[in-house]
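Let me begin by presenting the structure, written as C-alpha cells, before commenting on it.
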Amino acid sequence: MRYYTLRVPLFALAILVFHICAPAGQARSAGSNHADELECESGRSAGFTTCSETAWSHYDKAADQQGAANVMPERPLPREVVPPRGYQLSVMRGNRTPDGRPGEDYWQQFTEYDIEAKLDTDTRTLSAAARITWHNNSPDTLRRVHLELVQNHHAEGTVRNRPAEITGGIQLQRVMVNDTRYTDERISRNRYSINGTRMSLWLPEPVGPGESAKIEIDYHFEIPQQGAGGRMGHSRDNLFYLGYWYPHMVVFDDVVGWHPDLYLGQAEFYHGFGNYNLTIHAPEEWIVMATGELLNPEEVLDSGVLSRWNDARQSDDPVRVFTAGSDERATLPAGNSPRSGTDRVTGLAAGSDSLLTWQFSARNVRDVAFSATRDSHWDAARTPVGDLTGDGRTDFTLINTFWREEAPLWAEVTAYQQHAITFLSKMTGYPYPWPHMTAVEGAGIIGGGMEYPMMTVMGDYNLRGEEALYGVTAHELAHMWIPLIVSTDERRYSWLDEGNTVFSTAEAILEYHPHRRPHRQAQLSYVSAARRGEEGPMMRRSDYHYSPDHFLIASYRKPATVLVALRKVLGEDTFWEAYRTFVNDWAFKQAYPWDFFRTFERISGRDLNWFWHSWYYETWVLNQTIESVEKVTDGTRILIRDEGEVPMPVFLTVTREDGAVSEHKIPVHTWLKGTRNAEIFLPYRDVRKVLIDAGEYFPDVNRNNMSWEWEKPSR
C-alpha cells in the first residue's frame, strides 16, 4: 500500500483515526444479532481495544514535536491490530482470553474414526469403510455436518489452483447417518451433496450440545501417482504413501463455525483432533507403517524383523531392521495369520492366503497416514525427548526410516531424525508425545516433504545433497509441533504453520551444521522479493496470493525472518519464554494468529501492535540509514534516518580509535512519533566506525547505507 502525505487539521485526523481503528460500525451489519456486543466499551472489557489509544497518542506526540497542530507525521504509522469479529466474540464468550490463552469455556469438537481399508497394489486402488462418531462439544445445536473428500481434488471439473492428475476422485458406495441411508438424489429427503472436496449432509435429527452423530461411508478410489499436490501417491511399483485417504470431518470451531474453505491444491489443511482405529489389509511382503501404534506386530512381521525392531527400541545407534533384496522374509505368510472372522471391506476371511491385516491405534491426533513399502531398507533407533510423563526420567520415542537403494543419502536419515526430534523437543519446551516418528523416502511422489502425525514422506535429495536432506527432515519433523500438536488453519494463515517451522528448522540446522547461516538465507530471500515489490501481506488468505512466489515469501521466508527480528527486539530469554508458552498453552488445541500475538505481548509485558501491523498486515519495508557522523565541540553527533515504512528500534555498534566497542539503541517509540530522523550524541570525538544491526537480525532492504567508517585525512 502506498501512503501519501496530506495536510489536514489535527481534529480531522482524529476523526480519520477513529474511523480506521473502530470496527464497531462495520460490525453493525444488517441482520446482525451481535452488533451490541461490539461496542467500544464492551470491547475494552473483553480485553481488546477497538478505538486505538496508541494511534491517538502517536499523533498527539507528533503534533507536539512539530510544534504545530496541523502538521501530518512524516511517515505512515501502524494501526491497532483488531481481530475479526468472530475472534472478538469468542473472547467475549470466554472461549479464549484477552491475553492469548484458551478460556475457561474453551471447546473444540472431537471425532472417533474406525477405518478399515484394503490396498490393492496391482490395480493401485484403495477400498475402505469408515465409521465416524462425531461429538458436538460446542454450545450450538447443529442441523448439518460437513466432511472433506480430498481425493476429489482429482475428479473431473473440480476447482483447483494447480494442475492435478485426473483419477476420478473418491467413489462413494454407501452413506449412512445415524442408521439412515443417504443418497445424492435431489428428490430424497436424506441426501448428501458434494461440491469439489466438500461433502455436506443434513442430519435426520439436529445434534445438540454434548450429543453425537454417527456416519458410515464405504468408498474406493484410484490412487494418483502424485496426489493432493504431491502429498501422497505411489512410486516404482514398490511404494505407496497414503495421505488424505478417508472422509475427514471439517472443523467447526469457536471463531468461524463451519470452515468453508475448499481444498484447492496449494494451501494445506485445518483439522480437528480425534481418535483413530485403523485396520489395513495389504499383500504379504509389503511392510505397512502408519500414524499410531502397531497393535499386532507379531501377527504380521517375520520373527527376525520383529526381534531387531524390538532391539532398536533400546538402541541409540541405528539398527537395520530389514535389508531390501535379502533372502529374509519381511512379513509372515498371509495364510498363517491367527486372525479369524470376515473383514468388512475385503469380504475375505481374515488370515486368508492373499492379504495380511495390520492394526494401528492413534489417540488425539489431527490426521492419519500410512505407507506400504516393498524393496525398502528399514532402519530404526530410539531418541530421547525429555521428561514426557513428569516422573523425572528421560523418555524416548522410536525412529523409523524406510528408504530404497536408489537414495543412498538416506542412510543417514535415522540420525537426522534422532537429532531433530530431540532438539525440537527441547527447543519448544514440549517433549515429542507420540510412540514413533517415521520418515519414508518417496521419490516419484514428492520432491520436498509432507508431514502427518508421526509420519513424513520426502524426496530422495540425490541432487541436492546431505545438508539439504537434513534440512527437509528437520522441517517436516518441526511440523509435528505446528500444526500437528498446535493445530492452526493453514488454509487462511499458512505463515503461522510454515513460518514457525522454517524458523525452527533453521535453529536445528544451526546446531547440526554450525557453519550454515539458515536464518540469513531466509532473510535474503525475503529481502530480494521486497526490493522487487514481489510480496503480499502475510495475513492474506493462503490460497489467494497473487502468485506462487508471493505465497512462498508470505508463508515461509518472511514470517521466519520476522521471528528472528522479534527475538532481537524482545531479547533471547523473553522471546523463548513466549514461544514455549504459546506451544504449551495451545498443545492439542486450535490456535489463531491473535492468540500468538497476545501470548508474546503477555509474556513480554509490551504493546507490540506496531510490530504485528507493520510486518504481518502490510508489505512495508525496513530501511534504516546512517545519514551522517559529525564531530562537534564536545563529542560526536550521529544522525539516523529511517527511509522505510516499518518502525523498528535501531541497534548501533560504535567502535572507537582504541578498539573499544559500545552498543547504543534508538527505541521504536522515536519513530512512532511520526518522525524519520533521530540523533545520538556521544561524549567523545574518536569514533572510527558506526554500524546498524551488526548481527544482521533485521531484514533491512539496503545494507549499503547502514555502516560508516572514518577515513583518515590524506596529507
* To do: Kindly indicate, with the supporting measurements, whether the criterion side chain to side chain contact (heavy atoms under 4.5 Å, CB included) is fulfilled by Glu268 and Glu451.
  => CA-CA 11 Å; Glu268 293 177 338; Glu451 77 282 355; 4.0 Å; yes
* Using atom types as modelled and distance alone, determine if a side-chain donor or acceptor of Arg131 lies under 3.5 Å from a backbone N or O of Ile115. => no
* Return yes if some donor-acceptor pair links the side-chain N/O of Ser494 with the main-chain N/O of Ser542 below 3.5 Å, else return no. => no
* Asked: For the residue pair Tyr592 and His259, does the interplanar ring angle fall in the parallel (under 30°), tilted (30 to 60°) or perpendicular (over 60°) class?
  -> tilted
* **Side chains of Trp358 and Glu299, donor plus acceptor under 3.5 Å** => no
* **Ring centre gap for Phe110 and Trp134 strictly below 6.0 Å** => no
* Charged N to carboxylate O under 4.0 angstrom, Asp585 versus Arg602? -> yes
* **Minimum heavy-atom distance between Thr428 and Arg580, given as atom pair plus value** => O-CG, 3.2 Å
* Asked: With sequence neighbours excluded, what pairs up with Asp387 under the side chain to side chain contact (heavy atoms under 4.5 Å, CB included) test?
  -> Thr389, Asp391, Asp395
* Asked: Is the ring centre of Phe269 less than 6.0 Å from the ring centre of Tyr263?
  -> yes
* Nearest heavy atoms of Thr291 and Pro453, plus distance in Å -> OG1-O, 2.7 Å
* To do: Would you please say whether a donor-acceptor pair under 3.5 Å links the side chains of Asn364 and Tyr276?
  => no
* State whether a side-chain donor-acceptor pair under 3.5 Å links Asn500 with Trp481. => no
* Over all atoms of both residues, closest heavy-atom pair of Ala290 and Leu278 -> CB-CD1, 4.3 Å
* Can you tell me how far NE2 of His281 sits from OG of Ser127, rounded to the nearest 0.5 angstrom? -> 10.5 Å
* Asked: What pair of heavy atoms forms the shortest contact from Ser425 to Val385, and how long is it?
  -> CB-O, 3.3 Å
* Asked: Given the side-chain rings of Tyr192 and Trp202, with only the six-membered ring counted for Trp, is the space between their centroids under 6.0 Å?
  -> no
* Side-chain donor/acceptor of Gln151 to backbone N/O of Tyr244, under 3.5 Å -> yes
* Asked: Donor-acceptor pair, Glu211 side chain versus Gly208 backbone, under 3.5 Å?
  -> yes
* Taking the six-membered ring for Trp and the full ring for Phe, Tyr or His, determine whether the centres of Trp434 and Tyr432 are under 6.0 Å apart. => yes
* **Short side-chain to backbone donor-acceptor contact, Asn152 and Ile170, under 3.5 Å** => yes
* Pro384 to Thr422 - nearest heavy-atom pair and separation -> O-OG1, 2.7 Å
* With distance as the sole criterion, is a donor-acceptor pair present between the side chains of His545 and Gln266 under 3.5 Å? -> no
* To do: Mind checking salt bridge (Lys or Arg N to Asp or Glu O under 4.0 Å) for Glu148 and listing every partner two or more places apart, or none if nothing turns up?
  => Arg491
* Asked: Taking NZ, NE, NH1 and NH2 as the nitrogens, is one of them in Glu490 or Arg366 under 4.0 Å from a carboxylate oxygen of the other?
  -> yes
* **Short N-O contact, Arg363 and Glu293, less than 4.0 angstrom** => no
* **Result of checking Phe240, Phe221, Tyr452, Phe370 against Trp245 for ring-ring contact (aromatic ring centres under 6.0 Å, His included)** => Phe370
* Asked: Hey, do the aromatic rings of Tyr219 and Tyr246 have their centres closer than 6.0 Å?
  -> no
* To do: Indicate whether the side chain of Thr501 and that of His479 have a donor and an acceptor atom separated by less than 3.5 Å.
  => yes
* Taking atom types as modelled, find out whether Thr456 and Tyr241 have a side-chain donor-acceptor pair closer than 3.5 angstrom. => no
* Charged N-O contact under 4.0 Å between Asp261 and Arg492 -> yes
* Asked: What about Trp586 and Tyr106, are their ring centers closer than 6.0 Å?
  -> yes
* Asked: Centroid-to-centroid, His146 to Phe252, below 6.0 Å?
  -> no
* Asked: Donor-acceptor pair, Asn136 side chain versus Ser212 backbone, under 3.5 Å?
  -> no
* **Distance (rounded to the nearest 0.5 Å) between Met539 CE and Tyr616 OH** => 10.0 Å
* Structure fact -> Lys214 meets the side chain to side chain contact (heavy atoms under 4.5 Å, CB included) criterion, sequence neighbours left out, with Thr133, Asn178
